[in-house]
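Step one of this worksheet: look at the structure below.
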Amino acid sequence: MDEKKAKEVWAKACEHLAEAVSADIFSRWIGVIEAAGDDAPGQLTLTVPNGFYQDWLEEHYLPMIRKALGAAGHEHIAIAFVVNDNGPAPAPATLVKSNEPAPAKRRGPKIYNVGGTLNPRHTFENFVVGPANTFAHAAALAVVDAPARAYNPLFIHGGTGLGKTHLIQAMGHALIKRGKGTVCYTTCEDFTNEFIQAVQQHELTSFRRKYRNIDLLLIDDIHFLARKEGIQEEFFHTFNSLHQNQKQIVMTSDRPVSEIANLQNRLVSRFEWGMVTEMEMVDLETRVAILRQKREELGIQLPDPTLFFIAEHVRSNIRKLEGSLLRVASYASLTRKPLTTEALEYLLRDTIEQENQTAVTLEGIQRIVAEYYDIRLGDMTSKQRPNNIAFPRQVAMYLCREMTEQSLPAIGNAFGRNHATVLHAHRSIGAKMKTDSSLRQTILSLQQRLGGAAAPV
Ligand code: ADP
Ligand code: MG
């Protein structure tokens, strides 16, 4: 929309936003946004002072902005954040290094509501390689070098926030740059919606023409096909048509092929025809490297020990790792207070708590305790009772009771015992700890390994 209209729309949205947030938040985060004109109808371009604002707003305020636009009568408008290169930069002083080019220069607009847009930051250059993703990264590069010849299809799976979208979009950027043919990046959900719309509007022919005439289909979150018969059918034909014509297909999924619920067998087998590769959570070193790379990319100034603290505490998900970095950076720049351990613990308390909860499972405890006492995991559940096994088993039961929310019978079950055994073990270890300081030390150390709270002494 043109500039005049954009400013009008934005002013209306601001009226709603001013009611929704405190005056402080409004002036800090919303007041810096300006509406700008563009050529795209149905799109509102908003400029922000630098990349840090862009990230923070996208991460925290996008839903609220959308809602305000909806309340102002513009529900279906697409929002594009653009970093304002020319304007004054009321950037928080510690955030942008003055001797470096503004991160803004490296960014393009990011458009929402439009399926299939590649995030300009999801490139191979920005992708940090560590042991947990080396293989997937190498497979992705091989496909970029020789589409439809290296591995076809390429199927990348792994839990959320581990870099699947980043990697598949990096392939998209690289394939476009190298001019390897028509690239289509889409999510399975968008593909599905497009299909439904095509059916409703009797445009199935053009839908099929579109998807069967591309050279490289990158389809994100294919697990969305779970339990959806109709779209599985359509995708089966798309897949066949592309594959037979030696076109490359790349898919990501948050679980292995075999665990996508009710996936037709013929799709299961096809998805495993080429290369299947898994991404796992990266190790501590890689997490630090990712935080450093992100610090550089965003021009944030935070000392290394702070990055280490974040990397040590946020272990399950790279998206959370980035979120934590932004949170800490924002706090540092807005309050200018030193980042003490207490401040960091407070800032990241929710994330840390979640991490600890996810880390501590009955099986996890059994494994850590078995490792510690150098016995086999199977000994935890075996019927044998020699003391060198019985004692570690009691320790494990004690920890299960202390560190998880599981019921006594559930814990008993995990050890092939009943709830009374667990209760007895818990009491017995608890009593011994009162007099045995080395046992207290052992329990504390095990709890730390499990990422849990300090032991009651
Ligand atoms: P997924 O699709 O697996 O849920 P994403 O690809 O969206 O995860 O990754 C979550 C965030 O973590 C993104 O911002 C992404 O850029 C970042 N990220 C993931 N892996 C890496 C990596 N190896 N190097 C740098 N950033 C990464
Ligand atoms: Mg993803």
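Whatever order the structure lists ligands and atoms in, that order sets their numbers, starting from 1. Atom set for the values below is all heavy atoms of this structure, side chains included, hydrogens, waters and symmetry mates excluded.
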- Query: Is any N or O atom of Arg319, backbone or side chain, closer than 3.5 Å to an N or O atom of ligand 1?
  - Reply: yes
- Item | Heavy atom of the protein closest to atom 15 (C) of ligand 1 (residue, atom name, distance) | His166 ND1, 3.3 Å
- Item | Min N/O separation Val129 to ligand 1 under 3.5 Å | no
- Task: If you have a sec, work out which protein heavy atom is nearest atom 23 (N) of ligand 1 and how many Å separate them, to one decimal?
- Result: Val128 O, 2.8 Å
- Query: To which protein heavy atom is atom 18 (N) of ligand 1 closest, and what is the distance rounded to 0.1 Å?
  - Reply: Ile318 CG2, 3.4 Å
- Rounded to the nearest 0.5 Å, how far apart are CD1 of Ile290 and CD1 of Ile318? 4.0 Å
- Would you check if the Mg ion (ligand 2) lies under 2.8 Å from any N, O or S atom of Thr165? yes
- Query: Does any N/O atom on Thr160 come nearer than 3.5 Å to any N/O atom on ligand 1?
  - Reply: no
- Task: Report the nearest protein non-hydrogen atom to atom 13 (C) of ligand 1: residue, atom name, distance rounded to 0.1 Å.
- Result: Glu322 OE1, 3.7 Å
- Could you tell me whether His122 approaches ligand 1 through its side chain, its backbone, both or neither, with non-hydrogen atoms closer than 4.0 Å? side chain
- With a cut-off of 4.0 Å, which atoms of ligand 1 are near a heavy atom of Asn126? 24 (N), 25 (C)
- Query: Run the side chain to side chain contact (heavy atoms under 4.5 Å, CB included) check on Val128 and Arg287 step by step: do they pass?
  - Reply: CA-CA 9 Å; Val128 179; Arg287 295 204 292 279; over 6 Å; no
- What are the atoms of ligand 1, with element, lying closer than 4.0 Å to any heavy atom of Gly159? 3 (O)
- Is any side-chain N of the basic residue among Arg295 and Asp304 closer than 4.0 Å to the acidic one's carboxylate O? yes
- Ligand-side contact atoms (ligand 1) for residue partner Thr165, heavy atom cut-off under 4.0 Å: 1 (P), 2 (O), 6 (O), 7 (O)
- Message: Tell me if the centroids of the rings in Tyr211 and Phe207 come within less than 6.0 Å of each other.
- Response: yes
- Task: Flag the pair His122 / Phe127 as yes when their ring centroid distance falls below 6.0 Å, and as no otherwise.
- Result: no
- Task: Could you tell me if the ring centre of Trp273 sits under 6.0 Å from that of His243?
- Result: yes
- Proximal ligand 1 atoms for Asn133, defined as those under 4.0 Å from one of its heavy atoms: 23 (N)
- Message: Any donor-acceptor pair under 3.5 Å linking the side-chain atoms of Asn245 with those of Arg212?
- Response: no
- Query: Any nitrogen or oxygen of Gly163, main chain or side chain, under 3.5 Å from a nitrogen or oxygen of ligand 1?
  - Reply: yes
- Task: Using distance alone, with no hydrogens and no angle criterion, decide if Thr187 and Asp220 have a side-chain donor and acceptor under 3.5 Å apart.
- Result: no
- Item | Presence of salt bridge, Asp254 and Lys164, under 4.0 angstrom | no
- Query: Hey, which atoms in ligand 1 end up nearer than 4.0 Å to a heavy atom of Leu162?
  - Reply: 1 (P), 3 (O), 8 (O), 20 (N)
- Does some side-chain heavy atom of Phe239 sit less than 4.5 Å from a side-chain heavy atom of Phe271? yes
- Report yes if some N/O of Gly161 lies less than 3.5 Å from some N/O of ligand 1; otherwise report no. yes
